[in-house]
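Please read all numbers here as calculations on a predicted model, not as lab measurements.
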Amino acid sequence: MTPAPSGAPQGGPAVASEEDLRLLRECIRLAGLSREEGKHPFAALVVDAEGVIAASAGNNSLPPEGDPTQHAELRALAAAARELGPERMASATLYTSAEPCAMCSGAAYWTGVGRVVYALSEERLLELTGAHPENPTFSLPCREVFARGQRRIEVLGPLLEEEAARPHDGFWN
């Protein structure tokens, strides 16, 4: 039997639950708040196996005060890893308003999160940001990064792309 691709359980494609969609919408709402605070419009949550939010973060990478490594996913994953520890991270889910970039995909892998659910695809994000110098988007899907690792991370997305694009409307112009 051929192994299921990352994000698809054995026997068929992964399906978003109502809870997945609710938590993605919360990420999208938080991305809008990040924008209102003058930061890049991204947000992420890490949720444990019981559905409890272990960490929540917006981006803090906007120059000149921000640190370019402080993407929402990386910040949320680091906080959750400290709170949950390796065993609980393995059954946790990273929810994010946009597909994790290569750096954030690496953080997901190294923190041991078991699942990633994202809204806006990297491809769609590139359409919104263009060649903006504050977001030199990689053309490298998170699934490709995870496929190079030694452990499986379930991936579900893109989902709710039109909703997830709204906090970006006019931001990158």
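Heavy-atom minimum distance, Ala76 versus Ala57: N-CB, 3.8 Å. Between His71 and Cys104 the shortest heavy-atom distance is CB-SG, 3.4 Å. Taking every heavy atom of both residues into account, Asn60 and Arg75 meet most closely at CB-NH1, 3.8 Å. The heavy-atom pair separating Pro100 from Val116 by the smallest distance is CG-CG1, 3.9 Å. Closest of all the heavy-atom pairs between Leu156 and Arg115 is CD2-NH2, 3.7 Å. Nearest approach of Arg166 to Arg35, heavy atoms of both residues: O-NH1, 4.4 Å.
Glu99 places a side-chain N or O within donor-acceptor distance of the main-chain N or O of Cys142, the cut-off being under 3.5 Å. Put simply, the side chain of Arg151 never gets that close to the backbone of Gly114: no donor and acceptor are under 3.5 Å apart. Here the side chain of Tyr118 pairs no donor or acceptor atom with the backbone of Leu94 at under 3.5 angstrom. Remark: the backbone N or O of Ala43 is paired with a side-chain donor or acceptor of Ser97 at under 3.5 angstrom. In terms of modelled atom types and a separation under 3.5 Å, the side chain of Ser17 and the main chain of Asp20 share a donor-acceptor contact. Listed for the Glu161 side chain is a donor-acceptor partner under 3.5 Å among the backbone atoms of Ser121. For His168 (side chain) and Pro41 (main-chain N/O), a donor-acceptor pair under 3.5 Å exists by modelled atom type.
Scanning for salt bridge (charged side-chain N to carboxylate O under 4.0 Å, His left out) contacts around Arg29 gives Glu26, with sequence neighbours left out. Not counting sequence neighbours, Glu36 has no partner by the salt bridge (charged side-chain N to carboxylate O under 4.0 Å, His left out) test.
For Glu123, the CD atom is loosely surrounded, since the number of other residues' heavy atoms within 6.0 Å does not exceed 12.
Paired with Arg25 under the rule salt bridge (Lys or Arg N to Asp or Glu O under 4.0 Å), one option of Glu18, Glu163, Glu19 passes, and it is Glu163. A side-chain contact (heavy atoms from CB on, under 4.5 Å) with Thr93 holds for exactly one of Val113, Val46, Val117, Leu23; it is Val117.
In the hydrophobic clustering of ILVMFWY residues, with side-chain heavy atoms under 4.5 Å counting as a link, Val47 and Leu24 come out together. Taken together through direct or relayed side-chain contacts under 4.5 Å among Ile, Leu, Val, Met, Phe, Trp and Tyr, Ile53 and Leu30 form part of one hydrophobic cluster. Placement of Leu126 and Leu128 in two distinct hydrophobic clusters is found when ILVMFWY residues are connected by side-chain heavy-atom separations under 4.5 Å, directly or transitively. A single hydrophobic cluster is not seen to contain both Leu125 and Val145; linkage of ILVMFWY side chains at heavy-atom distances under 4.5 Å, directly or through other members, places them apart. A continuous path of hydrophobic side-chain contacts links Leu21 to Tyr95 [ILVMFWY only; heavy atoms under 4.5 Å].
Asn59 CG to Lys39 NZ: the interatomic distance, rounded to the nearest 0.5 Å, is 9.0 Å. Note: Ile28 CD1 to Leu159 CG = 9.0 Å, rounded to the nearest 0.5 Å. To the nearest 0.5 angstrom, Arg143 atom CZ is 14.0 Å from Arg148 atom CZ.
Under the 30°/60° scheme for interplanar angles, the aromatic rings of Trp172 and Phe42 are found to be tilted.
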### Step-by-step side-chain contact (heavy atoms from CB on, under 4.5 Å) determination, Gln150 to Tyr109
CA-CA 9 Å; Gln150 295 180 34; Tyr109 181 82; 3.7 Å; yes
